[in-house]
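The first residue of the sequence shown is numbered 1, and numbering continues consecutively from there.
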Amino acid sequence: MASAWVLPTILGLPLIGAILVMLIPRSEAGLARGFGFGFSLATFCISLAILGYFDSEYGRFQLVVDKEWIPGLNAHFKVGVDGISLWLVILTTFTTPIAILSAYRAVDKHVREFIAAMLILEVGMLGAFVALDMFLFYIFWEVMLIPMYFLIGIWGGKRRIYASIKFVIYTMAGSLLMLVAIFYMYAKHGAITGEYTTDFVALQKNLVLSSEAQFWCFAAFGLAFAIKVPLFPLHTWLPDAHVEAPTAGSVILAGLLLKFGIYGFIRFAMPMFPAGSQAWAPLLAILAVVGIIYGAYVAFAQPDVKKLVAYSSVSHLGFCVLGVFAMTAMGIEGSIYAMLSHGLTTGGLFLAIGVLYERRHTRRLAEFGGLWKQMPVFAGIFLIITLGSAGLPGLSGFIGEFLTIFGTFVASDASIPVPRLLAALAATGVIFGAVYLLYMFQKMMFGPITHEANRTLKDLSGREIAVFLPIVAMVFFMGIYPRPFLKSMEPAVERFMTTYHTKLAQTRDQTYVPGVSPKQARAAESSNPGALVPRLQPAVAASAPAAVAPPADAQAAALQAVAKRATAPPVAVDQAPAPPVAVDQTAGPPVATKIDPQTRVAGVKGALR
């Protein structure tokens, strides 16, 4: 395949660059910076080839490379992209050279090691976005932690050790549970099919777990992803990490690393465990709305501008979580688009804060004021990025937030509770976001100059303008012409939803009810069996298609089941009981009819009251 070289190249190039940078003498800091920027820029240029090979009308994985990696585990080096991961890969290669270029003056110690850490971090992020093997994904997921830990712990602020350890503890706690769930799927697939594999596509296609197993596996995956988002109340590591990280580290953390939580839900947790997803969706949607409002209020109260932007991420990414669990195509596409916009605007805000910190060595709002007169170019760029983050129509933030809120508004009650109310509450987050962002801008840029140090501030240099211009250009482009991005997402999102609903229909354990754990549902069925298998009315039974009457002889029934299984194609499923049937007991031969899922849902909810 002509395109097979692209993904291995963009994964290998930053790694080669990191190795070469470490061979440069420590005293040659400028050469190390040049190598790092050159390799990251080359990676971005090569990644654009993905757009040339990518077919936006095709919803399956493309540019796939599959090589045997660990034979004993049957793990493969399998990578590929679809419309969901495509633009996240481009965002990663786009942001990394900008972050490295922004650190030319900010990082002046251990420069060689800093550049190597940034390039290795890029490898981990790209690998996690394109991995199609569960074990390979986990390896790249963990690889991301190591360089970020060092970026915060070595080049961070005064409380950098505390922030870096807190970051690792939070992330590792969720990651270990995810690893347990991965090996559970590995063992389950092997036990059922005889083939042990960590191939994501094979697991998704063949393995249908019981709803109870999906409930707990989704919890294991979901915890890791919720921490990474971060979703309220698992967000407490984020403000410390942002405040203490160097500017380039904050740009990568906000612009890219946080996206893996949303991406993980869409790529792995939801299509693999749809019953678990529906069980947890009401709680996650409510927490997302709480995070939207809470993050906005706490951001408004911050005296430290960097912490203000950190809490804004909690609010903005709450929209993404809500859009995903609304389970509408519009909500999911809006969530992905909002992630892309957030990577640009929040990364740009951290870059702007870094520019001021290099000049004033403070991040307190009270220390600024009247900067528009002293730094007009900077102020204009800062205004555009701030308005983009606030969701001004015509800029990138508006598209994602609008699609997410509207996708939630039209969602089904079976996906999340009271979707219209949740959408209305989430919409208030847009208002609150404009309040704290414009308040921040007003405090920093307008009014009299009250601190003499601000009178001598210099405007942006040529290098700093070069850092901001690509971001500003993309903020405008994504706000004015979103069609290229959405067009490439649509087939992949449609396929995701088809896979999700198909897998949900294949789930054999029918005791599942949205918003109710399997244990509660089984208890309801035990206490009131009629709640789960309501007696059909004669008219309904008469209109239902007749099924073959069950043989009276048990041995004949067993032989019939064996014959049916022998002729059916093998499907790896968890050995849960077959769904119950309702039998009309009026005159005439017995007729077996499957219960409609909505009837079962209503029955369980009635039993739980």
*Excluding sequence neighbours, so at least two apart, what forms side chain to side chain donor-acceptor pair (under 3.5 Å) with Q442?*
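Q442 satisfies side chain to side chain donor-acceptor pair (under 3.5 Å) with no residue once adjacent residues are dropped.
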_Contacts of T404 that satisfy side chain to side chain donor-acceptor pair (under 3.5 Å) - sequence neighbours left out_ =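 Partners of T404 under the side chain to side chain donor-acceptor pair (under 3.5 Å) test: none.
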Pairs satisfying side chain to side chain donor-acceptor pair (under 3.5 Å), at least one member in [range], at least two apart:
range	answer
residues 479-488	W87-S488, R483-E490
residues 312-335	S313-H342
residues 377-388	none
residues 425-434	none

Please check: side-chain N/O of [X] versus main-chain N/O of [Y], any donor-acceptor pairing under 3.5 Å?
X	Y	result
Q506	V208	no
S389	I385	no
T95	T92	no

Contacts of [X] that satisfy side chain to side chain contact (heavy atoms under 4.5 Å, CB included) - sequence neighbours left out:
X	answer
L11	F77, V79, L126, V130
A423	I405, T408, F409
V229	I262, F265, L317, V321

Over 12 non-hydrogen atoms of neighbours within 6.0 angstrom of [atom1] in [X]:
X	atom1	answer
F406	CZ	no
K443	NZ	no
W216	CH2	no
Y53	OH	yes

*Specify whether W141 and F225 have parallel, tilted or perpendicular ring planes, treating 30° as the upper limit for parallel and 60° as the lower limit for perpendicular.*
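If you compare the ring of W141 with that of F225, the planes turn out perpendicular.
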*Take E142 and Y138 through the side-chain contact (heavy atoms from CB on, under 4.5 Å) test and state the conclusion after the steps.*
CA-CA 6 Å; E142 295 300 313; Y138 182 80; 3.6 Å; yes
Is the shortest side-chain heavy-atom distance between [X] and [Y] below 4.5 Å?
X	Y	answer
S396	M474	no
L91	L344	yes
I384	F476	yes
L258	L238	yes
V493	I336	yes
T171	M144	no
T96	T43	no
F200	R267	yes

*Mind checking ring-ring contact (aromatic ring centres under 6.0 Å, His included) for F129 and listing every partner two or more places apart, or none if nothing turns up?*
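Residues passing ring-ring contact (aromatic ring centres under 6.0 Å, His included) with F129: F260, Y263.
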*Of all residues at least two apart in sequence or in a different chain, which pass the ring-ring contact (aromatic ring centres under 6.0 Å, His included) check with Y58?*
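Checked Y58 against ring-ring contact (aromatic ring centres under 6.0 Å, His included); zero matches.
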_For a side-chain contact (heavy atoms from CB on, under 4.5 Å) check, start with the C-alpha distance between K166 and T236, then their side-chain angles and the critical distance, and finish with the verdict._
CA-CA 9 Å; K166 189 175 182 180; T236 57; 4.1 Å; yes
*asked:* Does V355 form a side-chain contact (heavy atoms from CB on, under 4.5 Å) with V467? I'd like the steps, not just the answer.
replied: CA-CA 11 Å; V355 167; V467 167; over 6 Å; no
*Let me see the working for F221 and F268 under ring pair (Phe, Tyr, Trp, His ring centres under 6.0 Å), right down to the final yes or no.*
CA-CA 8 Å; F221 274 76; F268 300 108; 7.1 Å; no
*What pair of heavy atoms forms the shortest contact from A285 to I416, and how long is it?*
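Heavy atoms of A285 and I416 come nearest at CB-CG2, 3.6 Å.
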*Given the rule in the side-chain contact (heavy atoms from CB on, under 4.5 Å) test, do F485 and F477 qualify, once you have shown the distances and angles that lead to the verdict?*
CA-CA 11 Å; F485 302 92; F477 182 77; 3.6 Å; yes
Donor-acceptor contacts under 3.5 Å from residues 299-308 side chains, at least two apart:
residue	atom	partner	partner atom	Å
Q302	NE2	V298	O	3.0
D304	OD1	K306	N	2.8
D304	OD1	K307	N	3.3
K306	NZ	H242	O	3.1
K306	NZ	A245	O	2.7
K306	NZ	S250	OG	3.2

